[in-house]
Asker: 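Okay, here's the structure, questions in a sec.
None of the values given here were measured: they were computed from a predicted structure. All chains are named by letter (A, B, ...) in the order of the sequence lines, taking the proteins before the strands, and each is independently numbered beginning at 1.
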2 protein chains.
Amino acid sequence: MKKKRITLKDIARETGVHVSTVSRALDPIERKSITDDVANRIQAAAERLGYRPNRIAAGLRTNRTMTVGVMIPDITNLVFPPILRGIESVLEPLGYAAIIVNTDSERDREVRLLDVLRDRGVDGIIHAAVLRSDPSIARAAQDGLPVVTLNRKVEQSTIPSVVNDEDAGICEMLRHLKELGHTRIAHIAGPQELSTGQLRLSAFRKAADDQAIEVDEALIRVATRFNEEDGARCLLELLDGGNVFTAVLCANDRLALGAIEALRDRGIDCPGQISVSGFNDMPLLDLIRPKLTTVRIQQYEAGRTAAKLLMRLVNSAEDDAIPLETVLPVELVARESTAPVAAGGPSSR
Amino acid sequence: MKKKRITLKDIARETGVHVSTVSRALDPIERKSITDDVANRIQAAAERLGYRPNRIAAGLRTNRTMTVGVMIPDITNLVFPPILRGIESVLEPLGYAAIIVNTDSERDREVRLLDVLRDRGVDGIIHAAVLRSDPSIARAAQDGLPVVTLNRKVEQSTIPSVVNDEDAGICEMLRHLKELGHTRIAHIAGPQELSTGQLRLSAFRKAADDQAIEVDEALIRVATRFNEEDGARCLLELLDGGNVFTAVLCANDRLALGAIEALRDRGIDCPGQISVSGFNDMPLLDLIRPKLTTVRIQQYEAGRTAAKLLMRLVNSAEDDAIPLETVLPVELVARESTAPVAAGGPSSR
DNA sequence: TTATGTCATGCAATCGATTGCATACACGGA
DNA sequence: TCCGTGTATGCAATCGATTGCATGACATAA
């Protein structure tokens with residue numbers, strides 16, 4: 001039942017030429033070194049027989065698989081699907097396919113999955129997992145495997161990276177809150193072992209400093225995970241700590257959504273009494289009330305950019321200067337969850 | 001700079017044996033045919049040199065790539081990431097990796113991407129794209145490529161499929177609404193060129209019939225896409241058509257969310273005046289008010305089941321009887337968007 | 001001691017495409 | 001007619017691992 005695969009040899013037999021001639025006739029670049037007549041006959045035979053090149057065999061010889069690896073923490077995290085579509089939008093037209101693996105941000109999984117990719121001979125890797133410092137990926141890059149990182153830099157390496165301008169996003173959000181009259185601004189930070197968590201917290205500190213906003217350490221809570229539960233927990237801790245604040249800048253949307261839920265449970269109005277802001281502008285956000293003020297990150301574009309960079313690395317001439325860092329702009333999206341500070345000004349609760 | 005890859009030949013030279021001996025020593029099954037002493041020396045050398053098998057070369061010889069293809073319509077659709085994690089949870093421990101492609105439900109893309117997968121010599125395909133009837137995937141299966149479909153069956157084929165019990169879900173939801181006193185129940189159906197859209201509409205008709213609920217064709221609107229805009233549009237058409245109804249059973253959650261938004265815009269209370277139900281139980285649903293009553297589908301489990309089936313196909317003994325259809329149970333999740341019909345009973349608007 | 005059997009290991013073909021080099025043929029000029 | 005040049009095509013090695021078969025060593029039994 002199993003239909004036999006058509007190979008170059010079959011076409012060679014059919015057209016009475018040598019396999020190498022067939023190989024050349026079917027290669028758009030080499031084709032010109034073959035008589036048109038012969039090349040056409042070969043082409044016709046290939047189509048008639050339904051020839052499909054065996055990339056495995058070609059890959060063994062050429063050391064190119066036309067496949068790249070993509071490492072992300074978790075595909076169920078809403079930010080990643082658009083990134084993947086962005087990557088695919090670049091790779092697919094060029095004939096590349098992607099093997100996607102989820103690291104769950106675990107070091108040993110990451111190491112193991114990196115081997116999974118290397119064993120399959122991927123031509124390059126886009127690494128969007130957010131563990132800080134990572135010797136294995138750096139080693140892979142040193143071994144000559146093209147690597148691009150997304151949303152995080154590997155310290156002291158020459159691995160090109162694509163990052164969103166998170167600093168600017170935090171800064172703009174802080175300015176937005178300040179302009180609404182807020183002065184007592186809390187921050188629910190993300191996990192500090194993730195680079196986004198760490199980055200946004202330090203950006204918050206720096207932006208506050210720049211804008212002469214006092215940073216009360218009591219108003220900073222660090223979440224252990226980027227989810228609603230932890231956002232709610234942190235907000236309740238802020239409230240129960242007897243702190244005075246009129247706005248909460250959260251390190252991502254899910255923390256913000258959890259915070260808003262916690263406020264609702266306590267009967268505190270958002271944005272009437274307390275403003276809340278998020279980060280990422282994840283999908284479906286405009287279905288949730290109040291609509292969340294957040295910072296939009298160009299996920300799709302980031303994926304595209306990373307993929308284009310990788311393609312340049314993979315096919316690079318020696319003299320092609322690859323930018324080491326590409327920063328993509330972000331955009332503040334003011335919706336309903338932030339509002340001018342209430343008339344009476346901040347009061348203790 | 002580029003470090004040379006370690007091959008069997010390197011280990012053979014190092015240990016003074018033939019490559020075939022090395023190959024056998026490193027194969028857990030063949031290992032027993034080798035003297036322990038030699039096998040250990042080889043093992044040690046392999047580890048010392050950091051040997052990693054070249055799956056490309058092995059694949060050429062054995063025609064196994066330890067890679068499978070996964071075809072889905074669109075990874076940014078929330079139902080698919082959990083399915084992929086389910087698939088991965090089965091494949092990864094067995095040493096398989098997945099190449100994921102998005103078809104966007106377009107026939108020519110689907111055909112092209114199928115070739116992308118076949119060219120890379122995938123050992124099998126999990127097909128979760130929902131176009132009805134599809135000659136190319138059937139042909140692939142006939143050529144001997146193991147294929148499993150998810151959430152849709154290819155007509156008149158022997159391709160094993162995994163489906164969720166959508167009929168039962170629709171039926172239960174209808175019973176739920178009936179028990180709340182609703183008799184005039186509208187249906188916002190999904191696109192009829194997608195199998196889920198079609199399936200759920202016919203399930204609705206059948207369930208209504210079984211439960212002696214009158215089906216008013218004027219109360220059935222067919223959306224052209226599974227999104228909020230179309231849900232809203234369909235609901236407004238229902239309202240503006242001067243129809244009388246107290247509940248809307250929607251073919252998926254996004255249509256339902258759009259419908260609820262449209263109701264809100266019109267100042268109609270949900271569930272006070274009109275109940276709305278969804279389908280799928282997508283993530284983040286409990287953040288949206290009113291919390292949507294819906295049917296929970298086991299996405300992760302469906303992915304696992306499909307992957308397990310595929311693994312059986314790939315490694316099947318001839319006499320292994322593969323179930324042609326696996327139906328997974330669904331679960332009604334009653335939340336806040338459905339309520340008893342208002343006291344006065346249905347009234348025209 | 002020889003025959004027989006067993007088991008470990010080596011040999012070489014194979015998978016399918018690519019590619020540097022060799023060869024053969026055509027054509028033009030002297 | 002002969003040589004030179006160019007170009008179309010063939011030849012064969014190669015990529016790295018797998019595997020059927022051959023071989024050789026050693027042991028046991030006759």
Asker: Is it the case that A:Arg120 and B:Thr67 place a side-chain donor and acceptor less than 3.5 Å from each other?
Answerer: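 Checked: A:Arg120/B:Thr67 side chains pair up, N/O donor to acceptor below 3.5 Å.
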Asker: Inspect the contact between A:Arg13 and A:Asp10 and indicate whether a charged nitrogen and a carboxylate oxygen are less than 4.0 angstrom apart.
Answerer: yes
Asker: Nearest heavy atom decides the nucleotide; on that basis, is A:Arg61 or B:Thr62 closer to the 5' end of DNA chain D?
Answerer: A:Arg61
Asker: Any non-hydrogen side-chain atom of B:Leu310 less than 4.5 Å from a side-chain atom of B:Val90?
Answerer: no
Asker: As a quick check of understanding, evaluate salt bridge (charged side-chain N to carboxylate O under 4.0 Å, His left out) for B:Glu88 and B:Arg85, giving each step before the final call.
Answerer: CA-CA 5 Å; B:Glu88 188 198 39; B:Arg85 290 305 305 251; 3.1 Å; yes
Asker: Near DNA chain C, under 4.0 Å by heavy atom, which residues of residues 12-47 of chain A?
Answerer: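 DNA chain C contact set from residues 12-47 of chain A: A:Ser20, A:Ser23, A:Arg24.
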Asker: Below 4.0 Å from chain B heavy atoms, what is the first contacting nucleotide of DNA chain C and what is the last?
Answerer: C:dA8 to C:dG16
Asker: How close do A:Ala45 and A:Thr15 get, counting heavy atoms only, and between which atoms?
Answerer: CB-CG2, 3.6 Å
Asker: Side chains of A:Arg304 and A:Ser89 only: does a donor on one sit below 3.5 Å from an acceptor on the other?
Answerer: yes
Asker: Can you check whether B:Leu26 reaches B:Tyr51 side chain to side chain, under 4.5 Å on heavy atoms?
Answerer: yes
Asker: Hey, are A:Asp37 and A:Thr35 close enough side-chain-wise for a donor-acceptor pair under 3.5 Å?
Answerer: no
